[in-house]
Amino acid sequence: MITENNVIYYAKMNQNGEIIVPKTSVIGESENILIRKEDDLTFSIYDLIEYKKILEKLKQASEMAISCGNIKRKKFFDEYIKELSFSVLDVIRKDSSNKVLIPNHVKDMYDIEDRVLVCDGIDHIKVFKNDENKKEYEKRLINIFK
């Protein structure tokens with residue numbers, strides 16, 4: 001499965017459990033990669049530097065909320081920062097040929113065998129076992145916003 005922008009595709013895993021990430025992807029130039037659990041259907045792959053920038057922006061937003069006296073907003077940001085921090089599954093190095101190792105504990109957690117569905121996003125990549133998991137994830141998102 002490939003879209004017109006090549007942002008969604010199936011990636012075959014080699015015998016070492018590695019997938020190739022295109023240089024044009026959002027993490028294409030990264031060396032240090034962070035793998036984060038999203039939920040039971042998907043995990044995300046981030047450039048570690050960009051992930052730290054996301055956390056820093058959220059911390060600044062939390063500080064701004066408290067300086068404005070908005071305690072509820074501060075609590076929201078603090079909980080989100082905590083969730084992002086505690087859902088990290090692994091930090092790995094991507095090799096020079098753009099291979100990203102999917103650690104065994106992550107493959108086991110998501111019941112991944114020989115390929116994954118990769119969705120390149122704005123600041124991270126979402127990885128699904130298959131298209132069915134992606135569709136279920138999308139249904140959940142739609143239900144959240146109803």
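Count residues from 1 along the sequence.
Put simply, the side chain of Ser25 gets close to the backbone of Ile27: a donor and an acceptor are under 3.5 Å apart. With hydrogens and angles disregarded, a donor-acceptor distance shorter than 3.5 Å links the side chain of Tyr10 to the backbone of Asp131. A donor-acceptor distance shorter than 3.5 angstrom exists from the side chain of Asp120 to the backbone of Val26, with no hydrogens or angles considered.
Residues Ile45 and Leu48 are members of separate hydrophobic clusters, defined by side-chain heavy-atom contacts under 4.5 angstrom among Ile, Leu, Val, Met, Phe, Trp and Tyr. Linking ILVMFWY residues whenever their side-chain heavy atoms come closer than 4.5 Å, directly or via other members, places Val116 and Val21 in the same cluster. Linking Ile, Leu, Val, Met, Phe, Trp and Tyr whenever their side-chain heavy atoms come within less than 4.5 Å leaves Ile142 and Tyr137 in two separate clusters. Under the 4.5 Å side-chain heavy-atom criterion for Ile, Leu, Val, Met, Phe, Trp and Tyr, Phe145 and Leu41 are members of the same hydrophobic cluster. If you chain together hydrophobic residues whose side chains sit under 4.5 Å apart, Val88 and Val127 never meet in one group.
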Would Asn143 and Lys139 count as a side chain to side chain donor-acceptor pair (under 3.5 Å) if you check the C-alpha gap in whole Å, the side-chain angles of each, and the deciding distance to 0.1 Å? CA-CA 6 Å; Asn143 288 332; Lys139 281 184 203 174; over 6 Å; no

Criterion side chain to side chain contact (heavy atoms under 4.5 Å, CB included) on Lys126 and Glu38, from CA distance to verdict: CA-CA 9 Å; Lys126 283 208 183 307; Glu38 297 290 337; 3.5 Å; yes

Carefully, step by step, assess Leu117 and Ile8 under the rule side chain to side chain contact (heavy atoms under 4.5 Å, CB included). CA-CA 7 Å; Leu117 182 64; Ile8 300 175; 3.7 Å; yes

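Applying side-chain contact (heavy atoms from CB on, under 4.5 Å) to Ile19 and the options Ile125, Val118, Asn14 leaves one that passes, Val118.
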Using residues 51-60 as the side-chain source, report each donor-acceptor pair under 3.5 Å to any protein atom, sequence neighbours left out, with the distance given to one decimal.
from	atom 1	to	atom 2	distance (Å)
Tyr51	OH	Leu84	O	2.5
Lys53	NZ	Glu50	OE2	3.2

N/O donor to acceptor pairs below 3.5 angstrom from side-chain atoms of residues 101-109, sequence neighbours left out:
from	atom 1	to	atom 2	distance (Å)
Asn104	OD1	Lys107	NZ	3.1
His105	NE2	Leu89	O	3.2

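Residues satisfying the salt bridge (Lys or Arg N to Asp or Glu O under 4.0 Å) test with Glu113, not counting sequence neighbours, are none. Residues meeting the side chain to side chain donor-acceptor pair (under 3.5 Å) test with Ser62, sequence neighbours left out: Lys74, Asp78. Remark: Ser97 pairs with Asp95 by the side chain to side chain donor-acceptor pair (under 3.5 Å) rule, at least two apart or across chains. In this structure, the salt bridge (Lys or Arg N to Asp or Glu O under 4.0 Å) partners of Glu138, at least two apart in sequence or on a different chain, are Lys134.
Atom OG of residue Ser87 and atom CG of residue Leu34 lie 8.0 Å apart, to the nearest 0.5 angstrom. Interatomic distance, Tyr9 OH to Cys119 SG, rounded to the nearest 0.5 Å: 9.0 Å. Here CD of Glu136 is found 8.5 Å from CG of Asp40. Values are rounded to the nearest 0.5 Å.
Electrostatic pairing of Glu83 and Arg36 counts as a salt bridge here, judged by a charged N lying under 4.0 Å from a carboxylate O. Ion pair Arg93/Glu31 flagged as a salt bridge, since at least one NZ, NE, NH1 or NH2 atom sits closer than 4.0 Å to an Asp/Glu carboxylate oxygen. Checked for salt-bridge contact, Arg140 and Asp39 meet the test: a charged N lies under 4.0 Å from a carboxylate O.
The neighbour count for Ile66 CD1, taken as heavy atoms of other residues, nucleotides or ligands under 6.0 Å away, is above 12. Counting heavy-atom neighbours within 6.0 Å of Lys72 NZ, excluding the residue itself, gives a total of 12 or less.
Looking at Val91 and Ile35, their side chains never come closer than 4.5 Å, going by heavy atoms from C-beta outward. Side-chain contact check for Lys23 versus Asn98: some heavy-atom pair is nearer than 4.5 Å.
Residues Tyr110 and Thr42 approach most closely at OH-O, 3.0 Å, considering heavy atoms.
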